[in-house]
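Remarks on the structure that follows.
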Amino acid sequence: MAITLYHHPFSRAAGTVWFLEECGVPYELKFVDIMKGEQKQGDVARYNRMGKLPTLVDGETVVTESAAIGLYLADRYSYGKLSPKVDDPNRGTYLRWSLFSPSVVEPAATAKLQNWDFKPAQVGWGKYDDMIAAMEIALEGKDYLLGKEFSMADAIFGGTLRFMLTFKMIDPKPIFGAYVDRLNARPALERTDEINQKVMAEHGIKMPG
């Protein structure tokens, strides 16, 4: 049974298309009009009580949360290639930076943008400047997070960084720009951008602004 991804190009499901393209597995996109609240009803609400995208259905398996979907797809469809095996020393680094994206990068960047008032020691994401320094160290002297080889961690972490640089939500450090340039050159990401643009054209969706 083909994988189904409930999708809208203005949601995190846009990045999930990249995960699927890197894995090279067949899948079907089901458009969900989030502007009309369709994510809160029908199949999406049945599969994901949060009423959010992305929601991925693979046979009888339902996976939500963008990073979880990426890790699931890599383990199931590209184990040992996009996903280090469990006895590979790189497995820890792979998991670390995959989960750093939703648990630290997203909230820290949002907190800075929205001027949230909080004590860094009392939140999971800590200080924005410490986050930036950690990201720079993660990429220093390497093409990708694990070194020379691209992994699903790069799609998860790098996809978030790419989005935030595009919308000026994070400091445009040279090391970040060079990393995103390498990601942009990947054929799977080029196909992903084309797919998301095609969905936008089919449904008359335009970028705001």
#### Entry: Whether Tyr72 and Tyr77 hold their rings parallel, tilted or perpendicular, with breakpoints at 30° and 60°
perpendicular
### Query
Ser66 and Ile69: side-chain contact (heavy atoms from CB on, under 4.5 Å), yes or no, with the steps?
CA-CA 5 Å; Ser66 183; Ile69 291 172; 5.8 Å; no
### Closest contact, heavy atoms only, Trp116 versus Thr110
CZ2-CG2, 3.6 Å
### Message
Quick check: closest heavy atoms across Met152 and Cys23, and the distance to 0.1 Å?
### Response
CE-SG, 3.8 Å
### Message
How close do Met169 and Tyr128 get, counting heavy atoms only, and between which atoms?
### Response
O-OH, 4.3 Å
### Summary
Contacts of Ser78 meeting side chain to side chain donor-acceptor pair (under 3.5 Å) (sequence neighbours excluded), chain-then-number -> none
#### Entry: Spacing of CE belonging to Met164 relative to OG1 belonging to Thr166, to within rounding of 0.5 Å
11.0 Å
### Query
Side chains of Phe19 and Leu82: does their closest heavy-atom pair fall under 4.5 Å?
no
### Query
Hey, are the side chains of Val32 and Asp43 touching, using non-hydrogen atoms and a 4.5 Å cut-off?
no
### Message
Let me confirm one number: the CG-OH distance from Leu73 to Tyr27, rounded to the nearest 0.5 Å.
### Response
11.0 Å
### Task
For residues Ile175 and Leu139, report the shortest heavy-atom separation together with the two atoms involved.
CD1-C, 3.8 Å
### Check: Pro84 and Leu146 side chains under 4.5 Å, non-hydrogen atoms
yes
### Message
Tell me whether the count of non-hydrogen atoms from other residues, nucleotides or ligands lying under 6.0 Å of NZ in Lys173 goes above 12.
### Response
no
### Task
Mind telling me whether Tyr47 and Tyr6 have parallel, tilted or perpendicular rings, with 30° and 60° as the class edges?
tilted
### Task
Indicate yes or no: at least one non-hydrogen side-chain atom of Asp143 is less than 4.5 angstrom from one of Phe150.
no
### Message
Regarding Glu21 and Arg186, does a basic nitrogen lie under 4.0 Å from an acidic carboxylate oxygen?
### Response
no
#### Entry: For the student: nearest non-hydrogen atoms of Ile156 and Ser101, plus distance
O-OG, 3.7 Å
### Task
To the nearest 0.5 Å, tell me how far Leu53 CG sits from Leu5 CG.
8.0 Å
### Task
Show the numbers, then the answer: is there a side-chain contact (heavy atoms from CB on, under 4.5 Å) between Glu106 and Arg12?
CA-CA 12 Å; Glu106 290 187 22; Arg12 286 176 175 80; 2.6 Å; yes
### Query
According to the interplanar angle, ranging from 0 to 90°, do the rings of His203 and Phe31 count as parallel (below 30°), tilted (30 to 60°) or perpendicular (above 60°)?
parallel
### NZ (Lys142) with more than 12 external heavy atoms under 6.0 Å
yes
### Query
Crowded around Met35 CE? As in, over 12 foreign heavy atoms under 6.0 Å?
yes
### Query
So do Phe176 and Asp171 actually touch side chain to side chain, heavy atoms under 4.5 Å?
no
### Message
Would a single hydrophobic cluster contain both Ile3 and Tyr79, if residues Ile, Leu, Val, Met, Phe, Trp and Tyr are joined by side-chain heavy-atom contacts under 4.5 Å?
### Response
no
### Message
Within the 4.5 Å heavy-atom criterion, are Val44 and Lys30 side-chain neighbours or not?
### Response
no
### Query
Quick one: does Asn48's side chain have a donor or acceptor within less than 3.5 Å of a partner on Lys52's backbone?
yes
### Message
With a 3.5 Å distance limit and no angle check, can you tell me whether Asp154 reaches the backbone of Ser151 through a side-chain donor-acceptor pair?
### Response
yes
### Query
So if you build clusters from Ile, Leu, Val, Met, Phe, Trp, Tyr with side-chain heavy-atom gaps below 4.5 Å, do Tyr179 and Phe167 land together?
yes
### Query
Is Met50 reachable from Phe10 through a run of hydrophobic residues whose side-chain heavy atoms are each under 4.5 Å from the next?
no
### Task
Return the minimal non-hydrogen interatomic distance between Ile170 and Ile132, and the atom names on each side.
CG1-CD1, 3.6 Å
#### Entry: In one Ile/Leu/Val/Met/Phe/Trp/Tyr side-chain cluster, 4.5 Å: Leu113, Leu161
yes
### Query
According to a 4.5 Å side-chain heavy-atom criterion applied to Ile, Leu, Val, Met, Phe, Trp and Tyr, with indirect links allowed, do Ile137 and Val180 form part of one hydrophobic cluster?
no
### Task
Kindly determine whether Phe100 and Val105 satisfy side-chain contact (heavy atoms from CB on, under 4.5 Å), including the steps that lead there.
CA-CA 6 Å; Phe100 192 84; Val105 179; 3.5 Å; yes
### Message
Using 0.5 Å steps for rounding, measure from the CE atom of Met200 to the NE2 atom of His8.
### Response
8.5 Å
### Message
What I'd like to find out is whether the side chain of Tyr144 reaches to under 4.5 Å of the side chain of Arg182, using heavy atoms alone.
### Response
yes
### Task
For the residue pair Thr16 and His7, establish whether any side-chain heavy-atom pair is separated by less than 4.5 Å.
no
### Glu65 CD to Leu56 CG distance, which is reported to the nearest 0.5 Å
12.5 Å
### Task
Kindly check if the number of other-residue, nucleotide or ligand heavy atoms within 6.0 Å of CD (Glu136) is above 12?
yes
#### Entry: Nearest-0.5 Å distance, CG of residue Leu189 to CD of residue Glu194
10.0 Å
